[in-house]
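Right, one structure below, let's go through it.
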Protein chains: 2
Amino acid sequence: MLFKLAVDCIILAYDPGDNQLKVLLVQRENEPAKGQWALPGGFVDEPEDFVVTAARKLRQETGVAVGYLEQVHAYALTDPTRDQRLASVAYYALLDLAHYAPAADRTHLAQWFSLTQLPGLPFDHGPKVQDAWQRLQEAARSRPVPFYLLPQKFPLNQLQRFYEALYQVPLDNRNFRKWVKGLPYVEASAEMETNVSRRPSKLYRFSAAAYEAFAKATQLTPY
Amino acid sequence: MLFKLAVDCIILAYDPGDNQLKVLLVQRENEPAKGQWALPGGFVDEPEDFVVTAARKLRQETGVAVGYLEQVHAYALTDPTRDQRLASVAYYALLDLAHYAPAADRTHLAQWFSLTQLPGLPFDHGPKVQDAWQRLQEAARSRPVPFYLLPQKFPLNQLQRFYEALYQVPLDNRNFRKWVKGLPYVEASAEMETNVSRRPSKLYRFSAAAYEAFAKATQLTPY
DNA sequence: GCAAAAGTGTTCGCAATACACCCATGC
DNA sequence: GCATGGGTGTATTGCGAACACTTTTGC
């Protein structure tokens, strides 16, 4: 039994405008479900690893070399209206929204949607987005994922709002800042915000080198 | 481009004899790599979800209805000696070793190997086993996986030795017991070990109902 | 009585939680 | 001067970590 293999991309970004996690959806240009909002992706048509296929699809949709790409799950598509055996492998990608630069001729076909207010999605794209979100939540407990979704320099409160959006819980500002200041890999920069009509915030940055050292030193606790 | 799709099963069990995690390998009956120890599995040849295929392969190899089956990863097989496009989806399965009952005509073809002393495996089966082990370690932090690998009634010290094998670290007996006794879903039974030439241990059991209640009540901590 | 593993308590330090007010800027 | 979000400290509590000896059984 032979399968056509598709790759679905769950492209995630954090929108500082409304403090929400967003997913990029495209309007399908072909049947089935033509015209509906759905996950970008396509068939694997090169003899290459799926992650390479996903990275290419992604570059086409976003115009950006992706920083973080991770497999979520492989799905057998059991939709009986499809006449072929299909399987799909889902990847989620993390993006700094500010770097999003779609090909100009595709702009009208792609749009960001809040994870909390998704439209109805065709096929099993809805559950796939949820699966990706959950994987991202788990990944963030052991890897520095927030920094792929934020600008290089960011205020601490933006980082807090990101965590609040990721886990959908409110966090205490003082405790959060105390926690972050204990992380050796989040460094204060000399820069401040400018042109804001309030007290300007200090900008912080992620240090990959410090993170590597920290990760190496940190032992797994068994339970 | 069309693919043949295979399912690989990483069948894991805990051996109380030597306190080691074991994986079930089979001797390949066909080329390529005929005669070598490798992961059981096979091609997806029914229009069904992969997990169903995996469960069937598993039942054929172990004679047991599996308690726990989880997808690890989907792999594109890039081995150039293979003449077809192949992809495989790996699942790990958890088994109580005492229930392992292979079909009699297959016994000589299957054997348990310690995760820490694996033979050289063909294709990418070595990395797949490692990936599965790591996924199991992660799953055990948020789900009650140990109880799929232990007998229904077990002494606490066996549970401790399981954790030591899973994470490859020694644990302090008093702290471990204190921790377990704080878990509402591990209950003491009235039974004791018998016929052991030492102080008999009390047997404990896992309560799925208590676990559900506990899991519902436990909030996620965000970071 | 000896071998072998089961079982038991206390202290310490750190990290998570709860909680409310002052500060710097643009307009 | 006021609106807006940035920034700060302390007390409490619970949990993980370190650490050594007694108990029960079969032989």
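Hydrogens, waters and symmetry mates play no part in the numbers below; they use all other heavy atoms, side chains included. Below, chain A is the first sequence line, B the second, and so on; all start at residue 1.
A straight line from CG of B:L183 to P of D:dC15 spans 11 Å, rounded to a whole angstrom. Note: CD (A:Q158) to P (D:dG6) measures 10 Å, nearest angstrom. Rounded to whole Å, atom P of C:dG7 lies 12 Å from atom CZ of B:F154. Between B:K202 atom NZ and C:dT8 atom C1' the separation is 13 Å, expressed in whole Å. Regarding B:Y167, its OH atom lies at a distance of 16 Å from the C1' atom of D:dG16, rounded to whole Å. If you take CD of A:Q160 and C1' of C:dA16, they are 15 Å apart, rounded to a whole angstrom. As rounded to whole Å, 14 Å separates atom C1' of C:dA5 from atom CG of B:L156. Atom pair B:R177:CZ and D:dT23:P shows a separation of 16 Å (rounding to whole Å applied).
Taking 4.0 Å as the cut-off between side-chain N and carboxylate O, B:E193 and B:K202 do not count as a salt-bridged pair. Using a 4.0 Å cut-off between charged nitrogen and carboxylate oxygen, A:E70 and A:R143 count as a salt-bridge pair.
At least one side-chain heavy atom of B:K181 sits under 4.5 Å from a side-chain heavy atom of B:Y204.
Using cut-offs of 30° and 60° on the angle between ring planes, the pair B:F147 and B:F154 is tilted.
Checking B:N173 against B:Q160 by side-chain atom types alone, a donor-acceptor pair falls below 3.5 Å.
Centroid-to-centroid, the aromatic rings of B:Y14 and B:W112 stay 6.0 Å apart or farther.
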* For each nucleotide in nucleotides 19-27 of chain C, reading 5' to 3', give B when a protein heavy atom comes within less than 4.0 Å of its base, S when such contact involves only the sugar-phosphate, and - otherwise. => BB--BBBS-
